[in-house]
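The structure appears right after this line, and notes come after that.
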Amino acid sequence: MKPARWLLTAAIAALMSWSVALPGQAAPQTITLSVTDQIIKGQDKAIVTADHSTYNEDTARYTLRGNVKIQFGNRTILTDAAKISTQTLQLWTEGNTKLTEGELCFAGGAVYAELAGNVAWFFGPNCSLERPGLAIHSDNMAYHWDRQTAVFDGHVLCIYKGEHRAASHLEFDLSNNEIH
């Protein structure tokens, strides 16, 4: 075998071995929550992946740990750990949590979300909303994705259109790009 072909074969084999769980490691688990039919507007399911998951039939709640990813519609939540109720579609996260939607990136230390209510509340430390040309940091915030508004409370710093604004409360209309 020619040296270049042997090197390519070895590289492909190495890459393939990385995608396979090592002995003693569990492969990430995927959960499809189809109970969201007709509850989340325009969505028929949420897809959830995590390194480890357990389900409690009495509470109808999943407990998720390690590389948690919750995708519903064009929104994705990434976090270290979460609990999600299949009955109420309530979500609780802990650890570094990010919610992305297009170019919007929300972040916080913990999140409580009502997926059927189209809202997520972010709690410190260092809650933030960032997108090109906009950065808002606060102690806590709420994102109402159906109304495309974000509400910030606590120590709020907004950098928008090259201007800085500090406040204890700020509302931002994402669809009209206006501070209220």
Side-chain angles (χ1 to χ4, degrees), residues 18-19 21-22 24-33 36 40 43 45-56 59-86 88-160 164-172 174:
W18 289 342
S19 64
L22 298 173
Q25 278 186 329
Q29 300 170 344
T30 300
I31 304 161
T32 301
L33 301 177
T36 59
I40 298 176
Q43 307 304 321
K45 62 184 170 182
I47 299 172
V48 179
T49 58
D51 290 342
H52 306 281
S53 70
T54 58
Y55 181 72
N56 182 324
T59 62
R61 185 179 296 162
Y62 281 98
T63 300
L64 311 159
R65 295 243 177 252
N67 300 308
V68 179
K69 180 179 181 180
I70 302 161
Q71 190 167 9
F72 54 104
N74 59 347
R75 279 172 224 74
T76 301
I77 295 174
L78 302 171
T79 189
D80 298 331
K83 293 180 181 178
I84 187 167
S85 170
T86 59
T88 63
L89 294 178
Q90 293 172 314
L91 168 72
W92 303 264
T93 74
E94 57 186 70
N96 300 314
T97 301
K98 289 187 179 184
L99 183 152
T100 57
E101 179 180 336
E103 61 183 12
L104 298 173
C105 182
F106 296 87
V111 170
Y112 167 72
E114 292 180 356
L115 302 181
N118 300 305
V119 63
W121 289 273
F122 291 77
F123 303 95
N126 305 320
C127 295
S128 66
L129 162 61
E130 295 184 359
R131 74 167 189 212
L134 173 67
I136 304 174
H137 297 262
S138 67
D139 294 333
N140 57 67
M141 67 182 168
Y143 174 44
H144 303 266
W145 56 80
D146 59 336
R147 299 187 314 226
Q148 285 293 289
T149 59
V151 179
F152 303 86
D153 288 302
H155 297 89
V156 182
L157 175 62
C158 175
I159 304 169
Y160 180 56
H164 296 71
R165 179 185 289 195
S168 60
H169 176 83
L170 185 132
E171 295 182 28
F172 196 89
L174 293 158

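- Side-chain polar atoms of Gln90 and Thr88 form a donor-acceptor pair below 3.5 angstrom.
- Note that OH of Tyr62 is 10.0 Å distant from OG1 of Thr54, once rounded to the nearest 0.5 Å.
- Listed by chain and number, the residues in a side-chain hydrogen bond (donor to acceptor under 3.5 Å, both in side chains) with Asp80 amount to none (sequence neighbours excluded).
- The CG atom of Asp146 sits 4.0 Å away from the CG atom of Asn118 when rounded to the nearest 0.5 Å.
- What you find for Leu64 and Ala50 is that their closest heavy atoms are CB-CB, 4.0 Å.
- Taking the ring centroids of Tyr112 and Phe123, they lie at or beyond the 6.0 Å cut-off.
- In this structure, the side chains of Leu170 and Arg165 come closer than 4.5 Å at one or more pairs of heavy atoms.
- Between Trp145 and Phe106, the gap from one ring centroid to the other reaches at least 6.0 Å.
- At a threshold of 4.5 Å between non-hydrogen side-chain atoms, the residues Leu129 and Phe152 count as touching.
- A donor-acceptor distance shorter than 3.5 angstrom exists from the side chain of Thr97 to the backbone of Gly95, with no hydrogens or angles considered.
- Considering only heavy atoms from C-beta on, Glu101 stays 4.5 Å or farther from Arg131 through its side chain.
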Ile136 and Leu157: side chain to side chain contact (heavy atoms under 4.5 Å, CB included), yes or no, with the steps?
CA-CA 6 Å; Ile136 304 174; Leu157 175 62; over 6 Å; no
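- Ile159 is not listed as a side-chain neighbour of Leu134, based on a closest heavy-atom distance of 4.5 Å or more.
- Using a 4.5 Å heavy-atom cutoff, the side chains of Asn140 and Phe122 are not in contact.
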Does Tyr143 form a side chain to side chain contact (heavy atoms under 4.5 Å, CB included) with Leu99? I'd like the steps, not just the answer.
CA-CA 10 Å; Tyr143 174 44; Leu99 183 152; 4.1 Å; yes
Assess the residue pair Cys105 and Lys98 against the criterion (side chain to side chain contact (heavy atoms under 4.5 Å, CB included)); give the C-alpha distance rounded to whole Å, side-chain angles, the decisive distance to 0.1 Å, and a yes or no.
CA-CA 7 Å; Cys105 182; Lys98 289 187 179 184; 4.3 Å; yes
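- Panel note: side chain Thr79, backbone Ala82; no donor-acceptor pair is recorded below 3.5 Å.
- Between the side chain of Thr76 and the backbone N or O of Thr100 there is no donor-acceptor pair closer than 3.5 Å.
- Rounding to the nearest 0.5 Å places OG of Ser138 at 9.5 Å from CG of Asn126.
- Taking CD of Glu130 as the reference point, atom CG of Leu104 lies at 11.0 Å (rounded to 0.5 Å).
- The side-chain heavy atoms of Cys127 and His137, taken from C-beta on, include no pair separated by under 4.5 Å.
- Partners of Arg147 under the side-chain contact (heavy atoms from CB on, under 4.5 Å) rule, at least two apart in sequence or in another chain, are His144, Thr149.
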Yes or no on side chain to side chain contact (heavy atoms under 4.5 Å, CB included) for Leu78 and Asn96, after CA distance, side-chain angles and deciding distance?
CA-CA 8 Å; Leu78 302 171; Asn96 300 314; over 6 Å; no
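- With sequence neighbours left out, the side-chain hydrogen bond (donor to acceptor under 3.5 Å, both in side chains) criterion links Asp153 to His169.
- Checked by atom type and distance alone, the side chain of Thr93 pairs as donor or acceptor with a backbone atom of Val111 at under 3.5 Å.
- Partners of Asn56 by side-chain contact (heavy atoms from CB on, under 4.5 Å), not counting sequence neighbours, listed by chain and number: Asp58, Thr59.
- Remark: Glu94 pairs with Arg65, Ala81 by the side-chain contact (heavy atoms from CB on, under 4.5 Å) rule, at least two apart or across chains.
- Rounding to the nearest 0.5 Å gives a distance of 10.0 Å between CG of Leu115 and OG of Ser85.
- A search for side-chain contact (heavy atoms from CB on, under 4.5 Å) contacts involving Ala167 returns nothing, not counting sequence neighbours.
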